[in-house]
Structures are given as C-alpha cells and as structure tokens.
Amino acid sequence: MIQINRVMKESYQRIWQTVQAIPAGNVASYGQIADLAGLPGRARLVGTALKNSDEGRFQNRAIPWHRVVNSQGKISFPRQSPIYQQQVARLQEEQVIVLNGKVKLR
DNA sequence: TTTTTGACTAGAC
DNA sequence: AGTCTAGCCAAAA
C-alpha cells in the first residue's frame, strides 16, 4: 500500500477539485490549475495528481482530466499514444477544436 | 537511501 | 517557430 502524507493528500484533493471546476467545453493549463489550487509554481504536481487520480485510489470522483493542457495549449502526450487519442476525442465531444495536438483558441 | 523521470513552465537565445 | 536552461519536486526506479 502506498504511503502518502496528509499534506500531499490535501494538495491532490485541491487539485482534483479545481480540475472538476473547469466547465465543459473549456480548457485550463497545468500551471493555471496549480495557481487556482493555491500551489503556484507547481504545475508538475498537477500532472502527477491527475496521473494518480485513477478510480479506486483515494475514492476520487471522475475528473475531467482531458480539459487540462499545457501552457502552449497543446496536449501533453505523444501523438501516437492511446491516451492522446482519447483526450482529443473527449475534447471534440465538447466541441473543442484540436488541430495538430493544439487546442484552438477563441 | 540516492538517482532518475516526468500529463510543467517561463525566459533566453 | 524550435531548442536550451533552470526551477519545480513527488514518484518511481
């Protein structure tokens, strides 16, 4: 069983909550989520928290991880990976246009 | 325990 | 538009 301290758990939960607040059809960057979660400068932790947000772990609810992209508006996965394809598909379901791995700005 | 990795980023070329 | 660097720091190796 993985050990994690109380402070980390709270940070993760604040990140998950913040991601859950992104409206459908919108996107936010890892850095923006970190800032909004009260963790400035810790964008990497957002990626880590999302990676560790799989069902069953910490009883977290479904999190719209696909609405989080990097600061350049690009998807942070290799183009050929299944998870990349899934992120694009989920964004397109929400009418978000993705071109060349980059979310189209408006 | 130490080192490396990584869903990151701002700034400098 | 790319490439590099330094800063970030929890997780995995």
Side-chain angles (χ1 to χ4, degrees):
Chain A
M1 171 151 185
I2 291 170
Q3 285 294 339
I4 186 166
N5 66 45
R6 178 180 53 75
V7 186
M8 271 319 301
K9 188 170 179 178
E10 287 176 0
S11 295
Y12 275 22
Q13 296 196 330
R14 287 214 301 280
I15 288 168
W16 293 331
Q17 284 179 313
T18 306
V19 172
Q20 286 174 331
I22 305 172
N26 287 75
V27 297
S29 72
Y30 296 91
Q32 285 178 322
I33 297 302
D35 287 347
L36 292 170
L39 299 163
R42 300 180 64 183
R44 292 190 99 119
L45 187 61
V46 174
T48 301
L50 291 179
K51 177 166 67 174
N52 290 313
S53 70
D54 293 334
E55 297 175 348
R57 200 159 173 184
F58 303 132
Q59 303 82 46
N60 58 298
R61 296 179 214 139
I63 292 168
W65 56 268
H66 60 283
R67 296 177 190 146
V68 185
V69 296
N70 68 29
S71 63
Q72 301 170 75
K74 296 197 300 185
I75 291 174
S76 294
F77 292 109
R79 284 293 198 83
Q80 66 279 17
S81 66
I83 193 165
Y84 169 94
Q85 302 293 342
Q86 188 181 43
Q87 185 165 14
V88 172
R90 290 197 187 191
L91 287 171
Q92 292 181 335
E93 284 174 29
E94 300 182 352
Q95 326 305 322
V96 174
I97 308 301
V98 182
L99 288 180
N100 296 319
K102 186 171 181 177
V103 167
K104 187 157 188 183
L105 304 177
R106 174 167 43 73

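The sequence lines fix the lettering, A, B, ..., with proteins before strands; numbering per chain opens at 1.
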- prompt: Mind checking whether Leu39(A) and Ile33(A) sit in one hydrophobic cluster, side chains of I, L, V, M, F, W, Y counted as touching below 4.5 Å?
  reply: yes
Whole-Å distance, Ile15(A) CD1 to dA10(C) P, equals 11 Å
Taking for Thr48(A) and for Gly41(A) the nucleotide of DNA chain C with the nearest heavy atom, the one nearer the 5' end belongs to Gly41(A)
Here the distance between atom P of dC8(B) and atom CG of Leu36(A), to the nearest Å, is 18 Å
note: Asn52(A), atom CG; dC9(C), atom C1'; distance rounded to Å ~ 14 Å
| query | Does some side-chain heavy atom of Gln32(A) sit less than 4.5 Å from a side-chain heavy atom of Thr18(A)? | reply | no
Applying the 4.5 Å side-chain criterion to the ILVMFWY set and letting contacts propagate, would Ile83(A) and Val19(A) be lumped into a single cluster? yes
Rounded to whole Å, NZ of Lys51(A) lies from C1' of dC9(C) at a distance of 12 Å
Counting only Watson-Crick and G-U wobble pairs with both atom distances below 3.5 Å, the stems of 3 or more consecutive pairs that include DNA chain C are B:2-6 with C:9-13, B:8-13 with C:2-7
Atom P, compared across dG7(C) and dA7(B): separation rounded to whole Å:
22 Å
Under 4.5 Å between any side-chain heavy atoms of Gln86(A) and Trp65(A), yes or no?
yes
Here the distance between atom P of dA10(C) and atom CZ of Arg6(A), to the nearest Å, is 14 Å
So, is Ser71(A) close to the dT9(B) phosphate, meaning a side-chain N or O under 4.0 Å from OP1 or OP2? yes
When every non-hydrogen atom of Ser81(A) is compared with those of Pro78(A), the smallest separation belongs to OG-O, 2.7 Å
query = At under 4.0 Å, does any side-chain N or O of Arg42(A) touch on OP1 or OP2 of dA10(C)?
reply = yes
Taken to the nearest whole Å, OH/Tyr12(A) to C1'/dA11(C) is 7 Å
Rounded to whole Å, the CZ-P distance (Arg44(A) to dA10(B)) equals 13 Å
Do side-chain atoms of Asn52(A) reach the backbone of Thr48(A) as a donor and acceptor pair under 3.5 angstrom? yes
- So if you build clusters from Ile, Leu, Val, Met, Phe, Trp, Tyr with side-chain heavy-atom gaps below 4.5 Å, do Leu36(A) and Val27(A) land together? no
Of dA10(C), dT9(B), dA7(B), the nucleotide closest to the side chain of Met8(A) is dA10(C)
In whole angstroms, the gap separating P of dA7(B) from CH2 of Trp16(A) amounts to 17 Å
Between Asn100(A) and Lys102(A), is there a donor-acceptor pair closer than 3.5 Å when you use the side chain of the first and the backbone of the second? no
Per the under-4.0 Å heavy-atom filter, residues of residues 76-92 of chain A near DNA chain B come out as Ser76(A), Phe77(A)
query = Is Arg90(A) paired with Glu94(A) through a side-chain N to carboxylate O contact shorter than 4.0 Å?
reply = no
Could you walk me through whether Leu45(A) and Tyr30(A) pass the side chain to side chain contact (heavy atoms under 4.5 Å, CB included) test, one step at a time?
CA-CA 9 Å; Leu45(A) 187 61; Tyr30(A) 296 91; over 6 Å; no
So, with a heavy-atom separation below 4.0 Å from DNA chain B, the residues of residues 23-34 of chain A are Ser29(A), Tyr30(A), Gly31(A)
*Are any side-chain N or O atoms of Gln87(A) and backbone N or O atoms of Val68(A), one a donor and one an acceptor, separated by less than 3.5 Å?*
yes
Examine distances only and state if a side-chain atom of Arg67(A) and a backbone atom of Ala21(A) form a donor-acceptor pair shorter than 3.5 Å. no
